[in-house]
Every structure is written in C-alpha cells, then in structure tokens.
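What you see is a predicted model, and the numbers here were worked out from it, not measured in a lab. Naming: A, B, ... by sequence-line order, numbering from 1 per chain.
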There are 2 protein chains.
Amino acid sequence: MNSKNLSHCEKKVVIIGGGFGGLSAAKKLANTAFEVTLIDKTNFHLFQPLLYQVATAALSPGDIAAPIRWILRKAKNISVIMGEVISIDLETKAVELHDDKLNFDYLIIAIGSRHSYFGKNEWEKFAPGLKTITDAISIREKILLSFEKAERVAEQENVDKYMTFVIVGGGPTGVEMAGAIAEIAKQTMLRDFRRIDPSKAKIILVEGENRILPLFDPHLSKKARKSLEGLGVQVILNERVTNVNQEGVQIGDKFIETQNVIWAAGNAISPLLKSLNTELDRAGRVIVEKDCSIKNRPDVFVIGDSALFIENGKPLPGVAPVAIQQGKYIAKIIKKDAQNKERKPFKYFDKGDLATIGRARAVMQIGGIKLSGFVAWLAWVFVHILYLISFRNRYKVLSEWMWYYVRNRHGIRLITHKTDL
Amino acid sequence: MNSKNLSHCEKKVVIIGGGFGGLSAAKKLANTAFEVTLIDKTNFHLFQPLLYQVATAALSPGDIAAPIRWILRKAKNISVIMGEVISIDLETKAVELHDDKLNFDYLIIAIGSRHSYFGKNEWEKFAPGLKTITDAISIREKILLSFEKAERVAEQENVDKYMTFVIVGGGPTGVEMAGAIAEIAKQTMLRDFRRIDPSKAKIILVEGENRILPLFDPHLSKKARKSLEGLGVQVILNERVTNVNQEGVQIGDKFIETQNVIWAAGNAISPLLKSLNTELDRAGRVIVEKDCSIKNRPDVFVIGDSALFIENGKPLPGVAPVAIQQGKYIAKIIKKDAQNKERKPFKYFDKGDLATIGRARAVMQIGGIKLSGFVAWLAWVFVHILYLISFRNRYKVLSEWMWYYVRNRHGIRLITHKTDL
C-alpha cells in the first residue's frame, strides 16, 4: 500500500499547450499527487473565440488573455514553463525544450492548429490567418493601414484595391470578421476621412460550400447571410480561391484586386505531431483512440484541434467545448489509472453552436432550439462572458461591450507597428 | 474686404506631430477658414504620461491612445495624414512625405523627442527608452520574459541577472517605472512561480543628481524616495552610468549584472530639426523666439519637447502642459495674423507637478501646496483621468484603476512577441 502510494506520488504529467484543452486538463490535476508541468510558447491562455474582436479593434489583447501561471497559481503541484517543445522522444519518455528537458509518465499534447493554405504556403504572406494575438494585431493594422493609405493617395490613384476586403472561409471566424469589418467601415469610421468615403468599402466573404456556417442548420445559415448582406457584405458561395498574390485574389474565373485578404479556412498541424510516428489524417491531425490516446501508447494523449476523434462515424468539430471536455476526461482517466480502473471511452456532450454577425445580431442552435437576431446575440454575449477565464477579463470585456452597444464604435483602432504600406 | 477674406480662406497650415502640442493647435484651428493638415507617423494620439503603465502591465495600449482622425472628425477643415515627413523645404514652403508633398503658409513642428544616450547610441539596444507604444510593449515583455527565463533555468544557473532591474534616470518616468516594477515583482506575481521567488527581485533606480524628482521641492523628493524604498527599491544618487552592455551596467566604479536596463534619462531630437538650419541647443532642441517661431521665420513654429523656450532665464520643462499651452497660443496668433495684430509673447502658466510611486502613493506640488501620500495619489488619478482625450478612454482607464486599487494587481501581463530570451 505504501509503495503504491509512493509510485503514484512520483508520476509526472507533461502538458504541451495552454489553450482550452491543456488548461482544462491542468485544472483537473491541480493539487493532486501528480507532478504536472504545463509548457506553452506564450505566457498566456488565449480566449480564441473572441480573437476576431482584437483583429477588428473591438477589444484589447489584454481583455481576452490571462497569464497561465496566474490562472494556476494556487495549484502548487503544477509548474508552468514558457518555452517551445522542439522534440518528443517516446522511447525515453521525454520532451526537449531549447534549454531544458523534461521526463514524463503521461504526455498530453494540446497544441491546436494553424490555418492551412492547401499546400500553397506562399499565400500566407498576402492572406494572414487568425490564430494568435500577433495575427490579430497584424490583421487589425492591415485593415486600418489600408484606409490610411487610401486617404493619403486618394488624389493620385484609384483607391479601390485598398478599400476592398476579401475574407476566405465562411465558418464562424470568417462570418464574424466580415461583419465586424463592415461595421468599422460603414459605421465606426464614417466621419473620420476627408478624401475617401469608408462606407464605399467592399467586403466580400468567399465560401467553397453552398452556404456559410456549414456546421449550423441551413435555416440559420440563410439568416446569417441576410444579416451580413444587410451590413453591406457581399457573400460568394460555391467558389474556391485558386490564387492569392500581391495584387489580389483569384476566385473561380474572377480576379479581385485587393490589398486585404484575410484567411479563415482550413487547418494545418504542427510538425511536432509528425514526430509521433502515428497515423495522421489528410489535414495532419493525429487519429486518436476512443480514450484520446495514440495507438499503442496509452500514456500519450492528443486532444482538441490537434486530434481527429471519430464519434458516431463523424469527426468532432474543432471548437473549444470539445477540447475542454477532452482535457477534463484525460485528467480523470490519469487519476483512475493509479487505481488500475478501466478506461471508459470519451463522449462529447454537444452544448450547441453560436456565431455573431455584429452588434445585436447572431445565430444560435442549442439542442432543438434555433434562434437568430437580438436574443441570440444576448445569449452569445452571456456565454462568452461566462467562459472567459478570469473575473477580471469578464469585467473588462463586458464593460467594453456595453460601451460598444451604446456607442456603436470599435474603439481600439491603433496601428502600433511600422510597416511599408 | 472681400479679397482679404479670400486670401485668408486659402491659408494652409501644416502641423507635424499629433502629440499634445500638435493636437491642441489643431483643435483651436478646427472649423476656421484655414486649411489644416496634421501629419503623424502613427494613427493615434498617445497620452504619454501614462505610457509607463502600459510598460508595467497595468493598462492596455488602447486605453491611453485614441485615433487622431477620430478626435478631429468634426473639424471639416482638418485633414489627418498618417505618414512620415522626410524633409522640410523652407524656401518653397513645402513638406515632403514618401508619397505626398504639401505646401504650407504656416508650419507647426511638434515632433517631441527621443531619449538621449549622451552620444552612446550603442547602449540603446540594451537599455530601451520609453517614448512610444512599441517601446512600452517591448519593455513590458522584457520584464515579464526575464521572470519566465529565471523560472526556466533556476535549477541550472544563478538567476540574479534576470531578476535585477536597473532604471536610469530619476525623473517622473524613472520613479514611476521603478515603483511599478517593484509592485509587479513583490505583489502581483508573488504566488505565480515555483522555482523562483519574485519578491527577491532587485530594483535599482540611478540618478546623477543628489535627489530624485529634481523638478520638485526637495521635501517631496525625500518623501518619494522613502516611498520607493518602502516598496523595496534601492535608490542610487550622485552616480552616472558609464557603460551598458549585454552583461549589465557600469554605475560609477560598480558593475551590476543585469538583463534589464531601462532608460529614462536625457532627450534627443529628430534629424528633421537640423534641416531647419537654425540654432539648436546642446540637446538638439530648436531655440525659439518669444512667439515660438524660429529666427527670421514668423511662419514656422516649433513647440513642446522639440523646442527650447527660455522664460525668466530658465528653459521651460518638457512636460505636456507646456506643449498644450504653446499649441493653443500658436493657433491664436495664426488667427490674429489674419487681422494683422501684433504678437504678444508666449507665457507659460505653471499648473504644478505630480508624480506617482505606486498604488495610493504620490507626490504633488501646485503653487505653494505640497502634498504626498494618498491625497496626492487621488489628485493624480483625477488629473490624469480629466486630461485623457476621450470619454471612452476615461471610462476604461478609471475602471482599470478601480480594479487595480481593489485587487492590487497589474493585469495585462502578456508577452506577445517572439524573442530570444
């Protein structure tokens, strides 16, 4: 009995990634006998569903991020390391950082994903994706700089290409970005310029399927599209982007001249996962077992956007609730392992989907309930405030949104980096 | 009469710089018959007295900045250009941008200053100054990354150099930085680490004179020093920095090993001012006439930190109220010029000085009144909220400070850029 307890005490859990999945696993392992280390490239947990609001000048980075070590400050058995894992050695059970090496008994990989350019990585520099705070700030500055450039050269050249915005991908991120850019141009900055008229900006959303928000009910897709069109967004369906360059973007047989392409389509996975030597799907996700572990390695788990988990013949979507539930599940089975209990398979509990299209407009489906408009928007505000990581963030974001609701203005319109435009 | 009005209508005023000086001139010229253009390198007006709070993770950049074109949106006679002036041609009365050229009848130069390294510009990369949002974010990340690095390597090497902070310059910026860093280390992050003890951080403030805050009454300098020492800051007086390099900083005959030197001393001026071919002082400031114009050019003004204005035998200090009052004064004399009225010399009305040393501690002098402690801190909060540019910023900063006062915590502890440390 004594020796069993001792070996239990010494078990080391390493978690890579402080997003929704990694953090929820860590929280469930807080103040247990496990020695837990969480490693992340940044020092903060990011509330990614609101990242588009940083990109569209509605929130500050500090509003949707909280230091990971602060979140876990009361968990004395958890160390937080800011650093990058450069390799995983499954044989010796160790992960290597630039200036550190850590052994593990259990490894949880929760490193999320980047956007995929379908093999055309050269498009990225013309069409940035939106996954990190740095991405969000870059996109914010790209949008704002475009209007500045247009104002500066309006008397010398045609400014259409500066005032055309193409968003690729009609999922929640793309829809939310398109709605927010329309609001900035057509409402927030309406009176700010002398030579150009920001309300003449063209905002185009491109989706390869036959409707936007394909995860939602077709009825809500239609509502969302109407809302976007009401804001002046042009929605292009059933078309794929075939080229992106310095001059613009090719959509089917039409070339749109623009300096502003924003990428919100596809997912690509970190090379770290390849080093696991296990089966990946076409998008580069690790195909995991029913307990989220990788084949033949019950001590190594992959969760969230990095994993392909098949339930009832369909892959689980890349959304926060999946990652959170998987993180909790794994913490539970690690604890049960110590008691040699059998692992029950992971089951996803779908709480519904929400997407917003601007001030006081949203769509939602929860179980059989499908809503759109103001009520859905209130639900969206409520859910997002509820899930924000700390009370401080909740207080800040809510006060920012109250201001935004009353004044209808995106406030954080700063360009802080030098660029060439 | 008619022709005189006409010529008045066509007068062009170009303002370089959207800081306190340039913006106050622009506001006074709003909705007059002058055709005004304000040029700034950034798209926002920055409330510089609170910049140290961004550097020390208390405020977000968006809290202390507002888009210039939004501030001036109701002034239909004012165009705002985001761009960099690369040369001034006094003969043809024109300023040149990279992709634009503007003629002027009046030119107002209000471009502020950078820190001076007393000819040792190679120190800058080891000891960044604090003048822009980018500076503030860099310093914030430098401070936070130091603690992260220390935590990561605490088991392999001595971490003193990562946990020593040297602030050079005992003016308001240096004093405020030192107090805020002490608060972060010794209070905010107290429980966040496992291997290091942040309360053991050394914070050292170096001043070449025999007291800190030399612009204040000696009695208040002493109070401020006591407050800083109460927060655990070591104050070194009568010593100058003679070298800064990768390993640390040489102060008199003592070398302090540190990765964190922050520069808050001296002022250096833009090369643009040299191109004016007028007399500069040793610090590179333009020596201006009694009406803030440059010698023999009543149509060209230099104000704020870029100018040396002698009043009663002493130069005016480089503080916001001087720039604001000079901006308003110049707008007034430009308007009077149209009526051929005589120019009365500029007179500075000194409203007093304030500096804060952390939560609920400050020093102030207004006329004969000298105060320190909580009342001075409340006055400091009040004055800074009052002078913030927009109601939105006021609301955000006040709500952030309320949170900070109640919870005693610097909230924006994010590291968003990749660096080597």
Student: Of the non-hydrogen atoms in A/Gln156 and B/Asp99, which two are nearest, and what is the gap between them?
Tutor: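 In this case the closest contact between A/Gln156 and B/Asp99 is NE2-O, 2.9 Å.
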Student: Which one, B/His98, B/Met189, B/Lys74, leads in non-hydrogen pairs under 4.5 Å with chain A?
Tutor: B/Lys74
Student: I need the residue from B/Asp192, B/Ile133, B/Ile81 with the largest number of non-hydrogen atom pairs under 4.5 Å to chain A.
Tutor: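 Of B/Asp192, B/Ile133, B/Ile81, B/Asp192 has the most heavy-atom pairs under 4.5 Å with chain A.
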Student: Return yes when atom CD of A/Gln246 has more than 12 non-hydrogen atoms of other residues, nucleotides or ligands closer than 6.0 Å, and no otherwise.
Tutor: no
Student: Using a cut-off of 6.0 Å, state whether more than 12 heavy atoms not belonging to A/Lys101 lie near its atom NZ.
Tutor: no
Student: Quick one: closest heavy-atom pair of B/Arg413 and A/Asn43, and the distance?
Tutor: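 Heavy atoms only, the tightest pair is O-ND2, 2.9 Å.
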Student: Taking A/Met82's backbone N and O only, do any of them form a donor-acceptor pair with B/Glu151's side chain (distance below 3.5 Å, no angle check)?
Tutor: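 No: the side chain of B/Glu151 does not pair with the backbone of A/Met82.
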Student: Would you confirm whether A/Arg194, through its side chain, and B/Val80, through its main-chain N or O, come within 3.5 Å as a donor-acceptor pair?
Tutor: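 Side chain of A/Arg194 to backbone of B/Val80, a donor-acceptor pair under 3.5 Å: no, none is there.
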Student: Any side-chain heavy-atom pair from B/Glu148 and A/Thr42 closer than 4.5 angstrom?
Tutor: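 The answer is no, as the side chains (C-beta and beyond) never meet within the 4.5 Å cut-off.
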Student: With chain A as the partner, which of B/Leu72, B/Thr132, B/Ile78, B/Leu97 has the greatest number of non-hydrogen pairs under 4.5 Å?
Tutor: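 Most heavy-atom pairs within the cutoff with chain A belong to B/Ile78.
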Student: Looking at B/Phe193, is its backbone amide N or carbonyl O close enough to the side chain of A/Arg73 to form a donor-acceptor pair, meaning the two atoms are under 3.5 Å apart?
Tutor: no
Student: Which atoms of A/Ile71 are under 4.5 Å from chain B, going by heavy atoms: the side chain, the backbone, both sets, or neither?
Tutor: neither
Student: Is it the side chain or the backbone of A/Leu190 that comes within 4.5 Å of chain B heavy atoms, both, or neither?
Tutor: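 Neither part.
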